[in-house]
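Take this structure, written in structure tokens, and hold onto it; I'll ask about it next.
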Amino acid sequence: MIAVDVVVNGRRHLEEVEPRLLLSDFLRHRLGLTGTHVGCEHGVCGACTVRLDGVPVRSCLLLAAQVDGSELVTVEGLAGADGLTPLQDAFRRHHALQCGFCTPGILIAAEDLLSRERMPTRDEIVDTLSGHLCRCTGYTPIVDAIAELAGA
């Protein structure tokens with residue numbers, strides 16, 4: 001077993017984990033944060049995207065032991081006590097989700113883009129989404145929701 005000391009969504013967790021435990025499984029099964037979805041388990045679909053020390057990463061490609069001493073944000077950590085973030089509200093208004101499977105990873109990636117680029121272009125938004133698979137929306141409402149906040 002390996003000791004892991006990690007802050008997830010502002011809350012510190014001290015856990016003992018198997019060396020082979022994936023970060024996605026740690027979040028879902030150990031911490032009960034089921035917003036992190038597991039799709040392909042190969043880092044291709046983007047559904048498991050979380051923010052690790054400020055950078056979006058695929059949690060299915062990392063071991064829980066690798067995040068020792070780090071800070072993570074999952075989709076559950078985006079909204080505050082006041083309710084939805086402006087991005088989440090834009091997704092709601094633009095009907096930018098249907099089944100919702102891809103939504104948590106896309107929200108993490110979009111929040112990261114908007115935090116780095118004050119006014120990303122539609123092309124930059126589409127580029128950010130290129131690492132995320134969505135089978136329901138056709139991406140247009142997702143791009144529209146992000147573009148609204150970006151002023152694009």
Side-chain angles (χ1 to χ4, degrees), residues 1-92 94 96-120 124-137 139 142-143 145-146 148-150:
M1 298 295 276
I2 296 174
V4 174
D5 183 356
V6 63
V7 175
V8 181
N9 300 331
R11 184 171 168 224
R12 186 175 181 201
H13 297 272
L14 300 167
E15 301 282 336
E16 294 281 326
V17 299
E18 291 281 340
R20 66 178 182 266
L21 181 66
L22 293 175
L23 177 57
S24 54
D25 292 334
F26 173 74
L27 294 169
R28 291 182 58 79
H29 304 297
R30 191 64 84 77
L31 302 185
L33 298 170
T34 57
T36 301
H37 294 160
V38 180
C40 67
E41 296 185 275
H42 296 285
V44 176
C45 74
C48 69
T49 303
V50 298
R51 197 175 313 142
L52 172 63
D53 294 329
V55 179
V57 298
R58 303 296 205 248
S59 64
C60 73
L61 296 179
L62 292 170
L63 299 172
Q66 291 176 282
V67 301
D68 183 48
S70 296
E71 186 170 333
L72 286 168
V73 176
T74 68
V75 71
E76 291 92 343
L78 293 181
D82 297 336
L84 299 177
T85 65
L87 181 61
Q88 289 170 320
D89 189 52
F91 267 57
R92 181 189 58 78
H94 285 273
L97 62 125
Q98 288 181 26
C99 81
F101 193 82
C102 66
T103 306
I106 290 174
L107 284 169
I108 293 284
E111 287 278 1
D112 176 68
L113 173 67
L114 293 170
S115 74
R116 288 182 294 104
E117 298 290 333
R118 195 173 131 91
M119 297 184 72
E124 289 170 320
I125 294 167
V126 168
D127 186 54
T128 294
L129 296 176
S130 68
H132 295 269
L133 299 178
C134 175
R135 299 176 125 191
C136 300
T137 68
Y139 297 97
I142 298 170
V143 173
I146 300 167
E148 175 188 300
L149 293 177

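In this text, all values refer to a predicted model and were calculated from it rather than measured experimentally.
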Q: Locate the shortest heavy-atom distance separating Gly54 from Pro56; write the atom from each residue and the value.
A: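 Heavy atoms of Gly54 and Pro56 come nearest at O-CD, 4.1 Å.
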Q) Of the non-hydrogen atoms in Ile125 and Ala150, which two are nearest, and what is the gap between them? A)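 Taking every non-hydrogen atom into account, CD1-CB, 4.4 Å.
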Q) How long is the span from the OG1 atom in Thr74 to the CG atom in Leu52, to the nearest 0.5 Å? A)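 Those atoms lie 12.5 Å apart.
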Q) Applying ring-ring contact (aromatic ring centres under 6.0 Å, His included), which residue pairs with at least one partner in residues 32-51 are found, sequence neighbours left out? A)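 Qualifying pairs: His37-Phe101.
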Q | Distance-minimising heavy-atom pair for Ala110 and Ile146 | A |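 Closest pair (atom of Ala110, atom of Ile146, distance): CB-CD1, 3.6 Å.
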Q | side-chain contact (heavy atoms from CB on, under 4.5 Å) partner of Leu62, chosen from Leu22, Val57, Val50 | A |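 Exactly one pass, corresponding to Val57.
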Q.
I need the full list of salt bridge (charged side-chain N to carboxylate O under 4.0 Å, His left out) pairs touching residues 109-120, with sequence neighbours left out, sorted by first then second residue.
A.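 Every salt bridge (charged side-chain N to carboxylate O under 4.0 Å, His left out) pair that includes a residue of residues 109-120, provided the two are not neighbours, is Asp112-Arg116.
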Q: Mind checking the OG1-CG spacing from Thr34 to Leu27? Nearest 0.5 Å is all I need.
A: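 If I round to the nearest 0.5 Å, the distance is 10.5 Å.
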Q | Phe91 versus Ile142, closest heavy-atom pair with distance | A |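 Closest approach of Phe91 to Ile142, heavy atoms only: CZ-CG2, 3.8 Å.
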Q.
For Arg12, give me all partners under side-chain hydrogen bond (donor to acceptor under 3.5 Å, both in side chains), at least two apart in sequence or on another chain.
A.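 side-chain hydrogen bond (donor to acceptor under 3.5 Å, both in side chains) list for Arg12, sorted by chain: Asp5.
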**Q.** Any residue meeting side chain to side chain contact (heavy atoms under 4.5 Å, CB included) with His13, in chain and number order, not counting sequence neighbours
**A.**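 Residues passing side chain to side chain contact (heavy atoms under 4.5 Å, CB included) with His13: Val6, Val8, Arg11, Glu15, Leu31.
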Q) What do you reckon, is CD of Glu71 surrounded by more than 12 foreign heavy atoms closer than 6.0 Å? A)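 Yes, the 6.0 Å shell around CD holds more than 12 heavy atoms from other groups.
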Q.
With a 3.5 Å distance limit and no angle check, can you tell me whether Ser59 reaches the backbone of Cys48 through a side-chain donor-acceptor pair?
A.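 The answer is yes, because a donor-acceptor pair under 3.5 Å joins these two groups.
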Q: Tell me, please, which residues at least two apart from Thr49 pass side-chain hydrogen bond (donor to acceptor under 3.5 Å, both in side chains).
A: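 Residues passing side-chain hydrogen bond (donor to acceptor under 3.5 Å, both in side chains) with Thr49: Arg58.
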Q.
List the residues meeting side-chain hydrogen bond (donor to acceptor under 3.5 Å, both in side chains) with His94, not counting sequence neighbours, and say none if there are none.
A.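 Partners of His94 under the side-chain hydrogen bond (donor to acceptor under 3.5 Å, both in side chains) test: Glu148.
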(Q) Give me the atom names and distance for the closest heavy-atom approach of Gly39 to Ala47. (A)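 What the structure gives for the nearest pair is N-CB, 4.5 Å.
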Q. Taking the side chain from Gln88 and the backbone from Gly83, do they hold a donor-acceptor pair closer than 3.5 Å?
A.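 It does not hold such a pair.
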Q: Drop me the distance from Ile106's CD1 to Leu97's CG, to the nearest 0.5 angstrom.
A: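 Atom-to-atom, Ile106:CD1 and Leu97:CG are 9.5 Å apart.
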Q) Looking only at heavy atoms, what is the nearest atom pair of Ser24 and Val38, with distance? A)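 In terms of heavy atoms, the two residues are closest at CB-CG2, 3.8 Å.
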Q: Would you please test Arg51 and Leu78 for side chain to side chain contact (heavy atoms under 4.5 Å, CB included) and show each step?
A: CA-CA 10 Å; Arg51 197 175 313 142; Leu78 293 181; 3.9 Å; yes
**Q.** Residue that, paired with Leu133, satisfies side-chain contact (heavy atoms from CB on, under 4.5 Å) out of Cys40, Cys45, Cys102
**A.**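 When side-chain contact (heavy atoms from CB on, under 4.5 Å) is applied between Leu133 and each of Cys40, Cys45, Cys102, only Cys45 qualifies.
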Q.
Just verifying a value: how many Å separate Asn9 CG and Glu76 CD, rounded to the nearest 0.5 Å?
A.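 These two atoms lie 6.5 Å from each other.
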Q.
Can you tell me how far apart CG (Leu23) and CZ (Arg28) are? Round to the nearest 0.5 Å.
A.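 One finds 12.0 Å between CG of Leu23 and CZ of Arg28.
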Q: Kindly indicate whether the side chain of Leu21, heavy atoms from C-beta on, has any atom under 4.5 Å from the side chain of Leu63.
A: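 In short, these two side chains do not touch, never coming nearer than 4.5 Å.
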